[in-house]
4 protein chains.
Amino acid sequence: MSAPPRPGRPRSEQSRQSVLRAASELLREAGLRAMTTEEIANRSGVSKATIYKWWPNKYAVAIEAFLGELMAEAPDPDTGSAREDILGVIRGLAHFYSGASGRVFAQLVGEGQSDTTVAAELQAHLVAPRRALMRTVWDRGVARGELRDDVDPDVAVDLLLGPLLYRLLLGHAPLDAPAIDAIIGSALGGLAAERAYHQN
Amino acid sequence: MSAPPRPGRPRSEQSRQSVLRAASELLREAGLRAMTTEEIANRSGVSKATIYKWWPNKYAVAIEAFLGELMAEAPDPDTGSAREDILGVIRGLAHFYSGASGRVFAQLVGEGQSDTTVAAELQAHLVAPRRALMRTVWDRGVARGELRDDVDPDVAVDLLLGPLLYRLLLGHAPLDAPAIDAIIGSALGGLAAERAYHQN
Amino acid sequence: MSAPPRPGRPRSEQSRQSVLRAASELLREAGLRAMTTEEIANRSGVSKATIYKWWPNKYAVAIEAFLGELMAEAPDPDTGSAREDILGVIRGLAHFYSGASGRVFAQLVGEGQSDTTVAAELQAHLVAPRRALMRTVWDRGVARGELRDDVDPDVAVDLLLGPLLYRLLLGHAPLDAPAIDAIIGSALGGLAAERAYHQN
Amino acid sequence: MSAPPRPGRPRSEQSRQSVLRAASELLREAGLRAMTTEEIANRSGVSKATIYKWWPNKYAVAIEAFLGELMAEAPDPDTGSAREDILGVIRGLAHFYSGASGRVFAQLVGEGQSDTTVAAELQAHLVAPRRALMRTVWDRGVARGELRDDVDPDVAVDLLLGPLLYRLLLGHAPLDAPAIDAIIGSALGGLAAERAYHQN
DNA sequence: CGCTAACCGAGACGGTACGTCCAGTCTTGCT
DNA sequence: AGCAAGACTGGACGTACCGTCTCGGTTAGCG
């Protein structure tokens, strides 16, 4: 049931948490790049050697700290209406992106462009789960006949989430409630004037 | 009309080009982060002091080098069909994103998450022009009655470009031709099963 | 008579010997400075905590390991001739200095320059006994009238042993048999051309 | 005549001196082992990177700092008497060994036991010159008939200098004036009771 | 045609963070 | 109690890169 008692002094849970807490604060105060391992060590009272023993570099710490904060996964709203479900998920996401966490997330994505490890971690822990949730919502809507069954689900998810990321990372326009509603509305309704226009 | 003739030796055009060429090579070979000013100086035969005299830091060099390569702006296809115009523009963009330039662009966007200056330069020189082009195409489609006139053009552009950026930056799915066509097809046709479903 | 039986598990003699044996090997293979407590622990199968429980630091382990190897003290030759006695002692010493033990000894002396404890241990266990032996030989020679009775015995011992240490520690010349004989011969005979020259 | 003007900014002589001065102070205050490169950088106002550019490690800095302090080489007394010449040189040396410089020198010799580079530097700059001076004095004494011509000069020098080093490094007895005189007196006069005793 | 201002290559420099290493201590649970 | 295993603090190490700063030498174009 519990972990097999391994010999030797066990890893200090308190140290782990102090490090993650300190990293979390620094991420908000200074940002990912400006945060230094040294400062994490100072704030947390945990020595640099210990930090490097458990994490390969500050980005790994940042990701774990960031994930720890998200606590619970975003819940599946399941309102009975595909449109409302989608809006629910996306609004939650937009709210997350708009706050301090959004900046940190964006910086992690940025780092991921040059650091494969960061990208993989992000993919596994932050991107995939959200795509999966959206996929669940999508499949339900299709099953109920509210959403098109001739659209590749991956494409559909990209169409719903892509614009948010685009705004978060390029920052050319806000991510407020009206914007979200307009984006989702247009994604569902389509951009072409005539339905017949679509013939893929 | 032309530059007022200033006293003293004029800036060396050859140095400028050597630097940009060297930076360009390094961007492809090593990536944005791994590229060092020192190495640009070595390869170009231009001293670090001169580089710092004309550019504030290596990111400015990278952006200028990167822009110089793009040469001509993407042209407006203007085929007579809004759908074809959009496909033309997006296919060109996807091709660009899929190559080596795409990686560099992604790294620049990544850097922009922590560096306001980089973000602003990207916005001005790489993001805005493309949005503008897409906007032109969009407006023409609306005028011809092929595209909806009740959708905010900014939202429409986000819907068309967002999924591409999403795939480029998160890398969860490819950016090949079939994917592009599916994305654009779905964006135009909408995700909802019934047109009436849309009522924004 | 025997040790008072203390409560609890007694110190493991086997651990002690494993540590000393491992330290001994490492001293020869890597030298005093490069030898780490960690490695002693690994090789000996004795934990670092146990090592630090019984020795204050790695130098103490090194000294004890080193002493253990010397086993028997150098014997007093007592040949009947002071000259031969001196040569016997010094030759033994030179032989010892010339081998691997000599390097270790030199490194310990080196460490003693910055670490008082090491210096004191060396003094007590390695330097004093040899000086004492040499002093015994000296006194016997004086008593027999072979050696001068107007020379401070400490000075005499320094004169006989000093050149050896000098060669060991500065390494400017070898410590082979002819060199030893020449040194002792000159020390006994004196450097001045005329005996009368000496008038201290 | 002067150095050929090499391109680039010349090495800062001021930095060099600041580093050496700071190292010198620290050697006296803290000793060789306790002195850190970091602290040299702080005191001197010279960055660590610059220090590591010009010296491979703190021991190289220490040696250069130490040598710089010795300024002039010890002069050849040349009094006309070999005995007086020897006494002059040795007394100067003993005085040097007895002071703060002596401790530093001893620590350097100690370090030299584990670090070949340090040993070589010491040999070249501190040991060899003194042996050379002593050799000069020796040869003159031999030429004048005051010193024995049947003793290997290297052995003679070892006999004169060895006991000093021995006392410096093992610290079993002082290096004061009477000790010096006794040592040199005995070295010249020899330890054997009868001159005939010597027959090497 | 020579003056002079601005250019430029070479490379030293201060600063800052990095990631590593080792000494020595502390904490488990087993023997 | 002793002990193996191994986590932990503290602090120095040497490296790397950034952006600034001298040097000496070069190169327009004005006077």
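Just so we're on the same page: letters track the sequence lines, and every chain starts at 1. Atoms considered below: every heavy atom in the structure, side chains included; atoms not considered: hydrogens, waters and symmetry mates.
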Contact class for Trp54(A) (heavy atom, under 4.0 Å): base, sugar-phosphate, or nothing?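 Answer is sugar-phosphate: Trp54(A) comes under 4.0 Å of backbone atoms only.
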Members of residues 18-43 of chain D that approach DNA chain E, where some heavy atom sits under 4.0 Å away: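 Under 4.0 Å from DNA chain E: no residue of residues 18-43 of chain D.
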Of Pro10(A) and Ser15(D), whose closest DNA chain E nucleotide lies nearer the 5' terminus?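 By nearest-heavy-atom nucleotide position, the 5'-most residue is Ser15(D).
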By nearest heavy atom, map Gly45(D) and Ser44(B) onto DNA chain E; which one lands nearer the 5' end?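 The 5'-side residue here is Ser44(B).
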Once you round it to whole Å, what is the distance between P of dG2(F) and CD1 of Ile51(C)?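 About 16 Å, once rounded to whole Å.
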Just the rounded figure in Å: distance from C1' of dC21(E) to OH of Tyr52(A).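 In whole Å, dC21(E) C1' and Tyr52(A) OH are 13 Å from each other.
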Taking Glu25(A) first and then Arg21(A), would you say they form a salt bridge - that is, a charged N and a carboxylate O separated by under 4.0 Å?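 Here Glu25(A) does not pair with Arg21(A) in a salt bridge, since their nearest N and O are not under 4.0 Å apart.
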Lys48(A) (side chain) donor-acceptor with Asn42(A) (main chain) under 3.5 angstrom: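 Not confirmed, Lys48(A) side chain does not pair with Asn42(A) backbone.
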For the base of dC7(E), is there a side-chain donor-acceptor partner from Arg11(B) under 3.5 Å away?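 There is none.
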Quick check: are there more than 12 heavy atoms from other residues, nucleotides or ligands sitting under 6.0 Å from CD of Gln14(B)?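 Open: at most 12 neighbouring heavy atoms sit under 6.0 Å from CD of Gln14(B).
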Residue met sooner reading DNA chain F from 5', once Arg9(D) and Lys58(D) are mapped to nucleotides: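 Its nearest nucleotide lies further toward 5', so the answer is Lys58(D).
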With a cut-off of less than 4.0 Å, is there a side-chain N or O of Lys53(A) near OP1 or OP2 of dC8(F)?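 Checking dC8(F) against Lys53(A), no side-chain N or O comes under 4.0 Å of OP1 or OP2.
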Which nucleotide, dG2(F), dG6(F), dG14(F), lies nearest any side-chain atom of Lys48(D)?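 For the Lys48(D) side chain, the nearest candidate turns out to be dG14(F).
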Does Arg16(B) make a cation-pi contact with Trp54(B), if we ask for NZ or CZ under 6.0 Å from the ring centre and within 45° of the axis?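 That pair does not qualify as a cation-pi contact.
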